[in-house]
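Please read the structure below before turning to the comments.
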Amino acid sequence: MDSLTNLATTEGRNPASEELDQLPTLDVLRLMNDEDHRVPDAIASQLSAIAAVVEAAVKGLSAGGRLIYAGAGTSGRLGVLDAAECPPTFSTNPTMVVGLIAGGQQAMFQAVEGAEDDADRGAEELNMLQPGPHDVVVGLAASGRTPWVLGVVRAAKRAGAVTASVCCNHRAVISSEVDLPVEIDAGPEVLTGSTRLKAGTAQKLVLNMISTATMVGLGKTYGNLMVDVSPSNEKLRQRAMSIVMAATGCSCDDAITALHEAGGHAKTAIVMVLLGMTATQARARLAEAGGVVRVAVDENHLRL
């Protein structure tokens with residue numbers, strides 16, 4: 001029997017790709033594409049578990065806590081990427097969603113050998129953030145047993161933070177260590193053990209869900225519009241204008257005017273246009289509504 005047959009999913013050998021090096025290029029790509037199609041179905045089976053992480057994050061961040069991702073290698077890079085996208089997309093403070101990677105910043109661009117094996121270092125790096133009860137710490141580990149990540153979630157639990165995990169094996173070690181485990185098993189990789197493939201795709205999709213749904217829960221969207229976008233470059237300034245137009249039905253000129261008066265803040269501009277308010281009035285209205293546009297523009301909810 002193949003010695004790789006009975007290993008955990010992320011280390012196992014995929015029977016469909018045993019002749020990988022003999023396949024024509026198109027067949028290699030077709031095989032990879034077929035295998036990638038398994039990922040969404042595997043995630044679908046874990047939506048309730050992912051929802052629990054989102055709900056914990058909404059509760060924690062609403063109370064001033066943070067969403068902290070921690071991983072090694074590909075998992076860590078994906079966590080850092082998701083965290084880095086939150087400020088421009090949702091105007092979050094860079095400290096609200098944080099990405100930690102074993103080996104530090106250098107590991108984003110170059111493998112830091114041995115970093116993932118140091119559980120004590122993982123705990124130390126998490127403790128430097130002074131985690132507390134409002135924080136949600138998500139350990140990212142394809143195998144579900146990476147020592148550095150286990151060190152992080154154990155330290156988080158000792159500090160009273162909510163702990164979660166995203167891994168790609170069933171009955172993984174990390175799942176028994178955290179409050180909210182998510183296990184995405186999409187089968188063994190086309191290239192045996194290369195978890196930057198399906199496992200990486202699965203983790204990326206789950207992180208998309210966690211951060212986006214959390215921000216929806218925090219009122220950073222209006223319908224499907226990213227109304228808290230930070231207009232930090234020309235593309236995003238154009239997007240903010242389009243968002244105001246889509247949310248209110250106003251003209252391009254009116255959107256530009258409102259955004260100018262609102263200091264580029266799409267939420268404020270939307271409330272201004274929909275309720276015929278000045279920027280000062282719109283800001284006050286949003287403040288009373290907790291920053292949620294839908295509440296701010298609903299006459300049944302607020303009276304200023």
Side-chain angles (χ1 to χ4, degrees), residues 1-51 53-54 69 71-86 89 99 101-102 107-111 116 138-146 149 164-172 174-175 181-216 224 226 235:
M1 179 179 292
D2 191 324
S3 61
L4 297 176
T5 301
N6 294 320
L7 293 178
T9 298
T10 52
E11 299 301 321
R13 190 174 183 189
N14 191 328
S17 60
E18 287 182 357
E19 307 298 328
L20 187 66
D21 63 340
Q22 299 180 52
L23 296 177
T25 299
L26 183 58
D27 287 345
V28 170
L29 301 181
R30 184 176 290 114
L31 174 59
M32 293 183 71
N33 186 242
D34 288 344
E35 289 294 320
D36 286 344
H37 274 84
R38 298 177 182 271
V39 176
D41 287 341
I43 291 174
S45 71
Q46 290 289 296
L47 290 179
S48 293
I50 298 167
V53 179
V54 171
Y69 299 132
T74 297
S75 300
R77 294 181 189 101
L78 291 170
V80 171
L81 173 63
D82 198 68
E85 293 286 359
C86 287
T89 307
I101 182 170
M108 280 296 295
F109 307 99
Q110 182 178 350
E116 69 176 52
V138 184
L140 307 171
S143 67
R145 61 172 185 267
T146 308
V149 181
S165 62
V166 180
C167 74
C168 298
N169 284 320
H170 286 311
R171 297 180 294 279
I174 197 170
S175 298
V182 176
E183 295 183 337
I184 311 295
D185 184 352
E189 302 289 3
V190 168
L191 184 63
T192 305
S194 183
T195 52
R196 67 187 181 87
L197 301 178
K198 285 191 296 184
T201 299
Q203 289 182 308
K204 171 59 176 165
L205 291 176
V206 172
L207 290 172
N208 286 349
M209 290 178 170
I210 291 173
S211 58
T212 303
T214 295
M215 295 304 159
V216 171
N224 62 355
M226 55 171 80
K235 180 190 76 173

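Nothing here was measured: the structure is a model prediction, and the numbers come from that model. Count residues from 1 along the sequence.
- Across all non-hydrogen atoms, the minimal contact from Y69 to S211 is OH-CB, 3.8 Å.
- Judged purely by distance below 3.5 Å, without hydrogens or angles, the side chains of S175 and E183 pair a donor atom with an acceptor atom.
- Residue V54 comes nearest to I210 through the heavy atom pair CG2-CA, 3.8 Å, listed as atom of the first residue, atom of the second, then distance.
- The side chain to side chain contact (heavy atoms under 4.5 Å, CB included) test with E189 singles out one residue from T9, L197, T10, and that residue is L197.
- Within the structure, the salt bridge (Lys or Arg N to Asp or Glu O under 4.0 Å) test picks out the following pairs touching residues 191-205 (sequence neighbours left out): E35-K198.
- Taken to the nearest 0.5 Å, the CG atom of L31 stands 7.0 Å off from the CG atom of N14.
- Under the 3.5 Å distance criterion, the side-chain polar atoms of S75 are left unmatched by any main-chain donor or acceptor of G71.
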Original post:
Can you check side chain to side chain contact (heavy atoms under 4.5 Å, CB included) on I43 and I50, steps first, answer last?
Top reply: CA-CA 9 Å; I43 291 174; I50 298 167; 4.0 Å; yes
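- Smallest separation of non-hydrogen atoms from R30 and D27: NH1-OD1, 2.8 Å.
- Shortest non-hydrogen contact noted between S165 and P181 is OG-CA, 3.5 Å.
- To the nearest 0.5 Å, atom NE2 of residue H170 and atom CG of residue D185 are 4.0 Å apart.
- Minimum interatomic distance between E18 and R13 (heavy atoms only, all atoms of both residues): CG-NE, 3.8 Å.
- Here the CE-OG1 distance, from M215 to T89, works out to 9.0 Å after rounding to the nearest 0.5 Å.
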Subject >> Trace of the side chain to side chain contact (heavy atoms under 4.5 Å, CB included) decision for L140 with L207 >> reply: CA-CA 10 Å; L140 307 171; L207 290 172; 4.0 Å; yes
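- Summarising the geometry of C168 relative to Q203, their closest heavy-atom pair is SG-CG, 4.3 Å, with the distance given to 0.1 Å.
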Original post:
Given the rule in the side chain to side chain contact (heavy atoms under 4.5 Å, CB included) test, do L205 and M209 qualify, once you have shown the distances and angles that lead to the verdict?
Top reply: CA-CA 6 Å; L205 291 176; M209 290 178 170; 5.6 Å; no
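- We find the CG-CG distance between L23 and L29 to be 10.0 Å, quoted to the nearest 0.5 Å.
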